[in-house]
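Atoms within each ligand, like the ligands themselves, are counted from 1 in listed order.
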Amino acid sequence: MQILVTGGCGFIGSNFVRHLLASNPDDQVVNLDLLTYAGNLESLSDVEADFASRYRFVRGDVRDEKLCLGLLEQAQAVVHFAAESHVDRSIGGGAEFLQTNVLGTHNLLECARRAWDGETGNSFVYVSTDEVYGALELDDPELFREDRPLAPRNPYSASKAAADHLSQAYFHTFGLPVKITRCSNTYGPYQFPEKLVPLMIANIVAGEPLPVYGDGLYVRDWLQVSDNCRATEAVLRQGRAGEAYNVGGNAERPNLEVVRLLVELVCERLGLELEERLSLITHIADRPGHDRRYATDAGKLQRELGIAPAIDFEEGMAGTVDWYLDHQDWCQRVTSGAYRDYYQKMYGQRLEQAGTGGVQET
Ligand code: NAD
Ligand code: TYD
């Protein structure tokens, strides 16, 4: 089978491309990626070398109709990861989020409908997020279930929800075999260091302030990326068309607990002084409209497809710390250039207000 993966040079996409090629010797993978700030060819250099005959990279935009139609005519399935993925950036300006996440997804759906007209056995996986459900209270007994109405609350999740609705609409209106994954906060190798886990690891190592938004008691469900990849593949191959599947990590944790664990893990490995590094934790002005809690019921995935997370939270975080400590050169390279300006804009004033100036060197 030829599988088109979009956004394969990003965090989850690059892990997924590697996972697919390594576990399915008969599959061919075409990776369509625009190489925005979040996409790095270097994240797949081993794949280019190890699977040269079954892997092809195409630099391009999911909004490009001619290009996507041509690629989909050759492919039997698509797994659509490409997106603008960072909530904070969407709060700073949402236009690219609508362009890529909504219009890009619409273009891919439309191209798949035209390319696969009359064919059977195809699959279109739209990678959505648990954030489309909105937010839970800390003591809310009901977790997110797939039949919950979508109620996104920030520009990123609103754009993902719009594309989620469009994907469902293409199943109902045209019979396009769309399957949706709604995954929890994912962590692991190759995540761009603007997200909580890799950003904290980099700052702990550098001895920089660890910026925790607000009271730090915001809860996320943490999913190791290889568990996400296994689930995504199961949905691709065995998921029912027209259905959404939550993908959870069964690991709800408040942000402060995640940060403290990362400090312990880094200090243990580098022989750093624990109390000194813990004192870098700095509560800064909160994210506007910060969703208090995401927590997902992933029972449907387990019941229907037999998939549950295999990697325990502490074990997964320890492996992630090891990976980032071994790949500090990767981190430095992907955060060179415009990242420093982003970091200054995002954190500079808030850190100063919190009484700890200073912006990390990259
Ligand atoms: P990422 O930001 O690391 O990677 C996104 C990739 O998409 C990059 O390689 C980028 O170059 C590419 N891209 C962006 N715009 C493009 C365009 N117009 N055309 C082609 N390629 C383009 O994202 P990620 O964290 O790997 O997330 C992947 C998907 O999973 C996204 O759809 C995201 O919404 C979803 N998701 C992520 C998480 C998470 O915790 N990371 C959780 C739930 C859902
Ligand atoms: P993030 O990794 O941006 O993922 P998402 O917003 O999709 O959940 O953030 C995870 C949580 O960590 C979220 O509650 C915001 C918080 N956070 C901080 O407290 N400090 C930071 O520097 C970042 C990036 C996130």
Side-chain angles (χ1 to χ4, degrees), residues 5-17 31-41 43-44 58-64 67-68 79-91 96-97 99-101 103-105 107-108 126-132 135 154 156-157 159-160 163-164 181-188 190-200 203 209-223 225 228 232 246-249 253-256 258-259 281-287 290-294 296 334 343 346-347 350-351:
V5 174
T6 73
C9 295
F11 163 46
I12 308 177
S14 61
N15 281 279
F16 185 71
V17 167
N31 170 16
L32 171 65
D33 197 297
L34 190 57
L35 297 181
T36 66
Y37 78 93
N40 294 287
L41 272 181
S43 303
L44 285 171
V58 176
R59 183 172 193 180
D61 196 321
V62 290
R63 288 166 294 175
D64 182 332
L67 175 64
C68 291
V79 183
H80 176 35
F81 291 101
E84 288 295 332
S85 68
H86 192 33
V87 173
D88 292 318
R89 287 184 191 253
S90 80
I91 293 168
E96 280 168 329
F97 288 74
Q99 284 289 333
T100 288
N101 299 4
L103 299 181
T105 302
N107 183 52
L108 267 187
Y126 170 63
V127 179
S128 189
T129 163
D130 61 352
E131 300 196 25
V132 297
N154 62 58
Y156 161 71
S157 53
S159 71
K160 293 295 292 182
D164 191 313
T181 60
R182 297 190 184 132
C183 28
S184 296
N185 278 62
T186 306
Y187 67 93
Y190 297 106
Q191 185 167 33
F192 192 82
E194 66 187 350
K195 304 279 167 57
L196 181 75
V197 170
L199 184 146
M200 290 297 163
N203 285 15
L210 309 177
V212 169
Y213 300 165
D215 59 16
L217 302 178
Y218 294 87
V219 171
R220 300 292 182 261
D221 172 40
W222 294 95
L223 169 68
V225 67
N228 190 337
T232 306
N246 289 342
V247 185
R253 296 287 188 285
N255 294 337
L256 264 178
V258 176
V259 175
I281 293 177
T282 307
H283 291 266
I284 63 168
D286 213 345
R287 172 187 282 176
H290 200 168
D291 288 339
R292 184 49 87 178
R293 174 174 167 232
Y294 303 141
T296 205
V334 302
Y343 194 88
M346 193 61 218
Y347 294 98
R350 289 152 90 193
L351 283 169

For [atom], find the nearest protein heavy atom and state the residue, atom name and distance (0.1 Å precision).
| atom | value |
| --- | --- |
| atom 10 (C) of ligand 1 | Thr36 OG1, 3.3 Å |
| atom 5 (C) of ligand 1 | Ala83 O, 3.5 Å |
| atom 25 (O) of ligand 1 | Phe11 CD2, 3.7 Å |
| atom 43 (C) of ligand 1 | Cys183 O, 3.2 Å |
| atom 40 (O) of ligand 1 | Thr186 N, 2.9 Å |
| atom 29 (C) of ligand 1 | Phe81 O, 3.2 Å |
| atom 32 (O) of ligand 1 | Lys160 NZ, 2.6 Å |
| atom 4 (O) of ligand 1 | Gly10 CA, 3.4 Å |

Does [X] have a heavy atom less than 4.0 Å from any atom of ligand 1?
| X | result |
| --- | --- |
| Ser128 | yes |
| Gly60 | yes |
| Val127 | yes |

Under-4.0 Å heavy-atom contact with ligand 1, by part of [X] that carries it:
| X | result |
| --- | --- |
| Asp130 | neither |
| Tyr156 | side chain |
| Glu131 | neither |

Which of the atoms of ligand 1 are close to [X], meaning less than 4.0 Å from one of its heavy atoms?
| X | result |
| --- | --- |
| Gly39 | 8 (C), 9 (O), 11 (O) |
| Asp61 | 17 (C), 18 (N), 19 (N) |
| Leu35 | 11 (O) |
| Ser184 | 42 (C), 43 (C) |
| Asn185 | 40 (O) |

Margin query: Quick test of your reading of the structure: of Ile12, Leu108, Leu34, Thr232, whose heavy atom lies closest to atom 20 (C) of ligand 1?
Written below: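 Ranked by closest heavy atom to atom 20 (C) of ligand 1, first place is Leu34.
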Is it true that [X] and [Y] have a side-chain N and a carboxylate O under 4.0 angstrom from each other?
| X | Y | result |
| --- | --- | --- |
| Arg350 | Asp286 | no |
| Asp221 | Arg253 | no |
| Arg59 | Asp33 | no |
| Arg89 | Glu96 | no |

Does any donor atom in the side chain of [X] or [Y] lie under 3.5 Å from an acceptor atom in the other side chain?
| X | Y | answer |
| --- | --- | --- |
| Asp88 | Tyr213 | yes |
| Ser128 | Asp164 | yes |
| Ser85 | Lys160 | no |
| Tyr37 | Glu194 | yes |
| Thr232 | Asn228 | yes |

Check: Taking it one step at a time, do Glu131 and Tyr294 satisfy side chain to side chain donor-acceptor pair (under 3.5 Å)?
Finding: CA-CA 7 Å; Glu131 300 196 25; Tyr294 303 141; 3.1 Å; yes
Next item on the list: Evaluate salt bridge (charged side-chain N to carboxylate O under 4.0 Å, His left out) for Asp215 paired with Arg292, printing each intermediate quantity in order.
Entry: CA-CA 11 Å; Asp215 59 16; Arg292 184 49 87 178; 3.0 Å; yes
Pairs of nitrogen or oxygen atoms closer than 3.5 Å, one from [X] and one from ligand 1: do any exist?
| X | result |
| --- | --- |
| Asn40 | no |
| Ser85 | yes |
| His80 | no |
| Glu84 | no |

Next item on the list: Run the numbers on Tyr156 and His86 for ring pair (Phe, Tyr, Trp, His ring centres under 6.0 Å), then give the verdict.
Entry: CA-CA 7 Å; Tyr156 161 71; His86 192 33; 8.7 Å; no
Margin query: Students often mix this up, so state it plainly: with edges at 30° and 60°, are the rings of His80 and Tyr126 parallel, tilted or perpendicular?
Written below: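 Ring orientation of His80 relative to Tyr126: tilted.
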Margin query: I want to check something: taking the side chain as every heavy atom from C-beta on, are Cys9 and Asn40 in contact at a cut-off of under 4.5 Å?
Written below: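 No, side chains not in contact.
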Provide, line by line, the atom pairs where ligand 2 and the protein bring an N/O atom each to a distance under 3.5 Å; else say none.
from, atom 1, to, atom 2, distance (Å)
ligand 2, 2 (O), Leu196, N, 3.0
ligand 2, 3 (O), Arg287, NH2, 3.1
ligand 2, 4 (O), Asn185, ND2, 3.3
ligand 2, 6 (O), Arg287, NH1, 2.6
ligand 2, 6 (O), Arg287, NH2, 3.2
ligand 2, 7 (O), Glu131, OE2, 2.6
ligand 2, 8 (O), Asn185, ND2, 2.9
ligand 2, 8 (O), Arg220, NE, 2.9
ligand 2, 12 (O), Asn255, ND2, 3.3
ligand 2, 14 (O), Arg220, NH2, 3.3
ligand 2, 14 (O), Asn255, ND2, 2.9
ligand 2, 14 (O), His290, NE2, 2.7
ligand 2, 19 (O), Tyr213, N, 2.9
ligand 2, 20 (N), Pro211, O, 2.8
ligand 2, 22 (O), Pro211, O, 3.3
ligand 2, 22 (O), Tyr347, OH, 2.7

